[in-house]
Amino acid sequence: AIRRKKKPREETLEEFRLRLKQELQKVKAELVEIPYETDKVKLFLENAKEGRMADTFPKNQSKLCDWCEYKDFLLNCSLTVKPGKIVGLIGQNGAGKSTTFKAILGLIKISDGNIKIFDKDIADITNKDKERIGVVLSDSGFSRYITIKDVIPVLDAMYEQFDKQDFINLCERFRLPLNKKLSEFSTGMNAKLKCLIAVSHGADLLILDEPTAGLDVIARDEMLSILREYMEENEQRSILVSSHISSDLEGLCDEIYMI
């Protein structure tokens with residue numbers, strides 16, 4: 001007699017929540033065992049354990065400067081991105097490419113110098129100005145449990161210039177299924193989706209942090225073709241793009257900075 005293997009029972013939502021809660025408790029337990037290197041870290045962990053975070057640090061302090069891996073890191077760079085130009089930022093991993101981009105976007109504070117976008121200091125950038133910027137960061141994206149169809153109304157609400165039909169056409173052209181969960185996308189598909197979102201709302205400036213990282217040759221070529229078409233539509237557009245692979249930028253950029 002042939003015995004059929006029983007199909008594994010799917011995990012219910014309640015079971016998933018319980019398992020997630022147990023995993024978080026394990027992480028918290030391991031976190032408390034970390035040696036206290038500074039008083040700030042000790043205070044941070046104690047407050048986190050008790051659920052008090054608001055008064056842990058001064059409001060103008062964004063991270064554990066004495067504890068983070070960049071505590072001895074110094075980045076001193078100057079660059080200009082002119083209208084109609086594609087500027088590449090190249091450097092090895094850890095050189096400061098992502099840090100530069102996060103500083104430009106105001107995600108981290110700089111200790112000295114100044115940053116201007118559209119002839120404005122980053123502190124004066126309005127929401128209207130932000131709509132003119134398309135961004136791809138390595139650690140950004142939407143929830144993995146939604147589909148592109150779920151993403152579309154979010155983009156439509158966020159960006160006044162978002163072209164819904166053009167975005168759908170581009171997704172179909174680059175073989176991105178509208179009804180498939182993002183968790184089921186390959187690395188290349190997720191990278192293309194990020195890039196398509198960045199160019200979908202008529203941005204004047206694209207800031208792309210290693211958009212071709214981890215892609216195969218075909219996916220990389222498709223990504224670069226998206227960027228070329230974006231520039232051809234409007235001569236006043238600009239792109240600032242980083243990579244640690246020089247060949248990705250050589251045939252695309254007008255200027256290349258090495259960091």
Side-chain angles (χ1 to χ4, degrees), residues 81 86-90 93 97-102 104-107 117 127 129-234 237-245 247-249 251-253:
V81 183
I86 302 178
V87 176
L89 191 61
I90 192 168
N93 292 329
K97 301 185 296 297
S98 297
T99 302
T100 300
F101 284 7
K102 288 178 180 178
I104 292 171
L105 295 168
L107 299 177
I117 301 178
N127 288 336
D129 295 322
K130 290 177 182 178
E131 287 193 26
R132 298 173 58 195
I133 306 172
V135 180
V136 172
L137 298 177
S138 58
D139 53 357
S140 67
F142 287 90
S143 166
R144 299 173 67 250
Y145 298 100
I146 63 175
T147 66
I148 292 180
K149 268 196 172 180
D150 298 321
V151 171
I152 290 173
V154 177
L155 297 175
D156 197 25
M158 288 177 61
Y159 299 109
E160 191 175 312
Q161 300 298 322
F162 175 70
D163 190 330
K164 178 180 176 181
Q165 191 55 52
D166 185 54
F167 177 71
I168 291 174
N169 292 341
L170 285 172
C171 288
E172 291 174 348
R173 175 185 162 189
F174 290 100
R175 302 176 301 282
L176 298 179
L178 301 181
N179 295 309
K180 195 173 185 179
K181 288 184 179 180
L182 303 187
S183 60
E184 299 173 15
F185 277 25
S186 66
T187 301
M189 293 167 72
N190 275 306
K192 283 187 281 189
L193 176 60
K194 287 183 182 181
C195 194
L196 292 182
I197 290 173
V199 303
S200 68
H201 52 88
D204 296 319
L205 170 65
L206 292 188
I207 298 177
L208 313 175
D209 186 14
E210 303 215 32
T212 60
L215 303 185
D216 57 40
V217 176
I218 295 174
R220 188 176 292 130
D221 288 342
E222 288 180 333
M223 178 76 68
L224 297 179
S225 72
I226 294 173
L227 301 182
R228 292 190 183 97
E229 289 177 15
Y230 162 83
M231 290 297 291
E232 290 170 0
E233 291 174 3
N234 189 328
R237 288 175 171 174
S238 306
I239 298 176
L240 175 60
V241 56
S242 73
S243 180
H244 62 276
I245 305 173
S247 58
D248 284 353
L249 303 182
L252 178 70
C253 297

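Note that this is a predicted model, so its numbers are computed, not measured.
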List in chain and number order the residues that pass salt bridge (charged side-chain N to carboxylate O under 4.0 Å, His left out) with E232, two or more places apart in sequence or in another chain; answer none if no residue qualifies.
none
Check side chain to side chain contact (heavy atoms under 4.5 Å, CB included) between S243 and all other residues, then give those that pass, not counting sequence neighbours.
T212, I245, D248, L249
Testing the basics here: between C195 and I226, what is the closest heavy-atom pair and its distance to 0.1 Å?
SG-CG2, 3.9 Å
List the residues meeting side chain to side chain contact (heavy atoms under 4.5 Å, CB included) with N234, not counting sequence neighbours, and say none if there are none.
Q236, R237
To the nearest 0.5 Å, what is the distance between SG on C171 and CD1 on I197?
8.0 Å
Taking the basic N atoms (NZ, or NE/NH1/NH2) and the acidic carboxylate oxygens, is any pair closer than 4.0 Å for K164 and D156?
no
Mind running side-chain contact (heavy atoms from CB on, under 4.5 Å) on L137 and L105 for me, showing each step along the way?
CA-CA 11 Å; L137 298 177; L105 295 168; 4.2 Å; yes
Once rounded to the nearest 0.5 Å, what's the spacing between atom CG of L224 and atom CZ of R220?
8.0 Å
What I'd like to find out is whether the side chain of F101 reaches to under 4.5 Å of the side chain of L107, using heavy atoms alone.
no
Q161: side chain to side chain donor-acceptor pair (under 3.5 Å) partners, not counting sequence neighbours:
none
Applying ring-ring contact (aromatic ring centres under 6.0 Å, His included) as the test, list every pair that has at least one member in residues 173-219; sequence neighbours left out.
Y159-H201
Can you list the steps and then say if L227 with I86 is a side-chain contact (heavy atoms from CB on, under 4.5 Å)?
CA-CA 10 Å; L227 301 182; I86 302 178; 5.8 Å; no
Do you know the tightest heavy-atom contact between Y230 and S238?
OH-O, 4.0 Å
L240 side chain reached by I104 side chain, heavy atoms, under 4.5 Å:
yes
Could you tell me whether the side chain of L178 reaches within less than 4.5 Å of the side chain of T147, counting heavy atoms only?
no
Can you list everything that forms a side chain to side chain donor-acceptor pair (under 3.5 Å) with S98? Sequence neighbours excluded, please.
D209
side-chain hydrogen bond (donor to acceptor under 3.5 Å, both in side chains) contacts touching residues 178-196 (sequence neighbours left out):
K192-E222
Scanning both residues in full, the closest heavy-atom pair of I152 with F162 reads O-CE2, 3.9 Å
Any heavy-atom pair between the side chains of I146 and V151 that's under 4.5 Å?
yes
Correct closest heavy-atom pair for S242 and P211 would be O-CD, 3.7 Å
Could you tell me which residues satisfy salt bridge (charged side-chain N to carboxylate O under 4.0 Å, His left out) with R228, sequence neighbours excluded, listed by chain and number?
none
Distance col, row L193:CG vs L182:CG, nearest 0.5 angstrom, shows 6.0 Å
With sequence neighbours left out, what residues match E172 under side chain to side chain donor-acceptor pair (under 3.5 Å)?
none
Atom CG in D129, atom CG in L205: separation rounded to 0.5 Å?
11.5 Å
For F142, which residues count as a ring pair (Phe, Tyr, Trp, His ring centres under 6.0 Å) partner, sequence neighbours excluded?
none
Under the salt bridge (charged side-chain N to carboxylate O under 4.0 Å, His left out) test, which residues partner D163, sequence neighbours left out?
none
Please round to the nearest 0.5 Å and tell me the distance separating atom CD of E229 and atom CG of L170.
7.5 Å
Under the salt bridge (charged side-chain N to carboxylate O under 4.0 Å, His left out) rule, collect the residues that match up with E131, sequence neighbours excluded.
none
Using every non-hydrogen atom in the two residues, find where A198 and A203 come nearest and quote the distance to one decimal.
O-CB, 4.0 Å
Inter-residue atom distance D166.CG - L196.CG, 0.5 Å rounding
9.5 Å
